[in-house]
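The structure appears below as structure tokens.
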Amino acid sequence: MRLKTTFEKRDTMVVKGLAILMLLFYHLFENAAVLEQLNVVYAPFPRDLFLMLSGFGNICVAVFVFLTAYGITKGCMTSEDDSVTALMHGAVGRFCKLIGNFVIMYLSVNLVWHSFFDYVKLYGKGIQGCMLAFIDMFGFAQFFGTPTLNMTWWYMELAILFIFLVPVMYLLVRKAGAYSLILAFLLPMAVSMNEDVQRYFLVAMLGVTAAKELWLEKIFSRKLHPVWKTLIGVILIAICIPLRQNYMVHTHFLWILDGPIALLLCWFGGEILARIPGLSHVLAFFGRYSMNIFFVHTFLYLAIHRDWFYSFRYAALIWAVLAAASLIYSIVLEAVKKGLRMALKIVERGANG
């Protein structure tokens, strides 16, 4: 088996696929009361172990933050011009792309499920209601504390902030190297920050440092038999699950622990899972559509079709059906985006012709 030397784009998709499936598992089964109320069958797992595993799925957010920081940093490193102006210009481009995708997703949700929403009750009437709807449509509801159709969209605030913060982190790491992690550790304790940024600031800096210092490449290059690497990875993950879900750790130290665990999962996904035929293809396929799945799955399993999904009773089946439904929605949405891009190109050619 050839020795991996890089964390490739396909590896990123594999890890994103793993993370989004963990997210679905977390949202479906982390509430013990819901499991009992809806008679969810989770055998052969004991109740406490099942809840521990579902709760651990929350690590997915840290994985997404880590990968975002890692990917942006790699882009900064390969840029011919890495001045502050150029890096900010690149950030603006990523921001516009993110907002554009979010707007299309928002419009699609309202087109499909508009009859389920009480817009007047949510946003209000007249100009005020229109303004609040536009704020939500462009992903800024969490910024301003305004109403939103979907509580899961809180992540947009984090995604937007780190698009602009990560290039600054990159400049710091370029000057100070791994010592930048000391600042990232101390800053959330010394400075008042947005709650979500405070929780994931160290995770993002770890992603930047890992990319700049080639940590994953160095781990990949360790000449150890794949069986031993797999065993080590499984053991480390098995240790991390109860450690992270410990009440004291979960309450006070997640902002420290989530970064190293995200790094562990990225290595395990990129070096171990990405080598497994079939599984790697499935994970990469889900990873390709992970953002859409992140933003629409809540409507499917919770807000609108909750009873239908949980009617399958068996946890594995509920999870699989939600994953399939979210994926199908995302595939259709991406097809619509592709059609819109093609239509715009035709219009541009006509205007220029």
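In this chain, residues are counted from 1 in sequence order.
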Looking only at heavy atoms, the pair that brings Ala184 and Leu202 closest together is CB-CD1, 3.7 Å
In short, Gly270 meets Val15 closest at the heavy-atom pair N-CG2, 4.0 Å
Open item on the list: Does the plane of the ring in Phe102 sit parallel, tilted or perpendicular to the ring in Phe295? Use 30° and 60° as the thresholds.
Closed with: perpendicular
Original post:
Relative to each other, are the rings of Phe29 and Tyr310 parallel, tilted or perpendicular (30° and 60° limits)?
Top reply: perpendicular
### Task
May I ask you to check whether Glu30 and Asn58 show a side-chain donor-acceptor distance below 3.5 Å?
no
Can you find a heavy atom in the side chain of Leu302 that is under 4.5 Å from one in the side chain of His27?
no
**Message:** Quick check on Phe95: does its CZ atom have over 12 non-hydrogen neighbours (other residues, nucleotides or ligands) under 6.0 Å away?
**Reply:** yes
Requested in this report: May I ask you to decide if Trp308's main-chain N or O and Ser311's side chain share a donor-acceptor pair within less than 3.5 Å?
Outcome: yes
- Item | Leu171 and Pro167, any side-chain heavy atoms less than 4.5 Å apart | no
Requested in this report: Examine Leu265 and Val14 and state if one hydrophobic cluster contains both, with Ile, Leu, Val, Met, Phe, Trp and Tyr joined whenever side-chain heavy atoms are less than 4.5 Å apart.
Outcome: yes
Of Leu181, Val203, Val166, the one forming a side-chain contact (heavy atoms from CB on, under 4.5 Å) with Val208 is Val166
> Is the number of heavy atoms from other residues, nucleotides or ligands within 6.0 Å of NE2 (His281) greater than 12?
Replying inline: no
Centroid separation Phe7 to Tyr70 less than 6.0 Å
yes
Margin query: Please determine whether side-chain contact (heavy atoms from CB on, under 4.5 Å) holds for the pair Met77 and Tyr170, giving the CA-CA distance in whole Å, both sets of side-chain angles, and the decisive distance to 0.1 Å.
Written below: CA-CA 9 Å; Met77 291 169 62; Tyr170 164 70; 3.7 Å; yes
Find out if a path of hydrophobic residues (ILVMFWY) with successive side-chain heavy-atom gaps under 4.5 Å connects Leu206 to Leu254. no
Test of ring centre spacing under 6.0 Å for Tyr42 and Phe45:
no
* Asked: Would you call Arg244 and Asp258 a side-chain contact if the rule is heavy atoms closer than 4.5 Å?
  -> yes
Residue set satisfying side-chain hydrogen bond (donor to acceptor under 3.5 Å, both in side chains) with Arg94, at least two apart, ordered chain then number -> none
Query - Side chain proximity check, Met156 to Phe143, heavy atoms < 4.5 angstrom - result: no
- Examine Tyr123 together with Phe117 and report whether their ring centres are nearer than 6.0 Å. no
Applying a strict under-4.5 Å side-chain criterion to I, L, V, M, F, W and Y, I'd like to know whether Phe66 and Ile219 cluster together. yes
Can you classify the ring geometry of His297 versus Phe294 as parallel (below 30°), tilted (30 to 60°) or perpendicular (above 60°)? perpendicular
Requested in this report: Given ring-ring contact (aromatic ring centres under 6.0 Å, His included), test Phe162 with Tyr155 step by step and report yes or no.
Outcome: CA-CA 11 Å; Phe162 279 125; Tyr155 185 77; 8.9 Å; no
Linking I/L/V/M/F/W/Y whenever their side-chain heavy atoms sit closer than 4.5 Å, directly or via other members, would Met131 and Phe138 fall into one cluster? no
With a cut-off of 3.5 Å and sequence neighbours excluded, list every side-chain donor-acceptor pair involving residues 317-325.
residue : atom : partner : partner atom : Å
Trp319  : NE1  : Leu21   : O            : 3.1

Do Ser180 and Met169 touch side chain to side chain, with heavy atoms closer than 4.5 Å? no
Residues Gln245 and Gly55: closest non-hydrogen pair is NE2-C, 3.4 Å
When you look at CZ of Phe134, are more than 12 heavy atoms from neighbouring residues, nucleotides or ligands closer to it than 6.0 Å? no
Result for ring pair (Phe, Tyr, Trp, His ring centres under 6.0 Å) between Phe50 and one of Phe25, Phe56, Tyr26 points to Phe25
- Message: Membership question, hydrophobic clusters at under 4.5 Å side-chain separation (ILVMFWY): are Tyr119 and Leu111 in the same one?
- Response: no
Task: Validation row: Leu51, Arg47 side chains within 4.5 angstrom (heavy atoms) - done: yes
Does the ring center of Trp113 lie less than 6.0 Å from the ring center of Tyr329?
yes
Query - Trp153-Phe140 aromatic ring centre distance below 6.0 Å - result: no
Query raised in the report: Would you say Ser280 and Arg10 make side-chain contact, with heavy atoms under 4.5 Å?
Result: yes
Does Met342 CE have over 12 foreign heavy atoms under 6.0 Å away? no
Tightest non-hydrogen contact, residues Glu217 and Lys74, listed as OE2-NZ, 3.2 Å
Discussion item. When you compare the side chain of Leu263 with that of Trp267, does any pair of heavy atoms fall below 4.5 Å?
Written reply: no
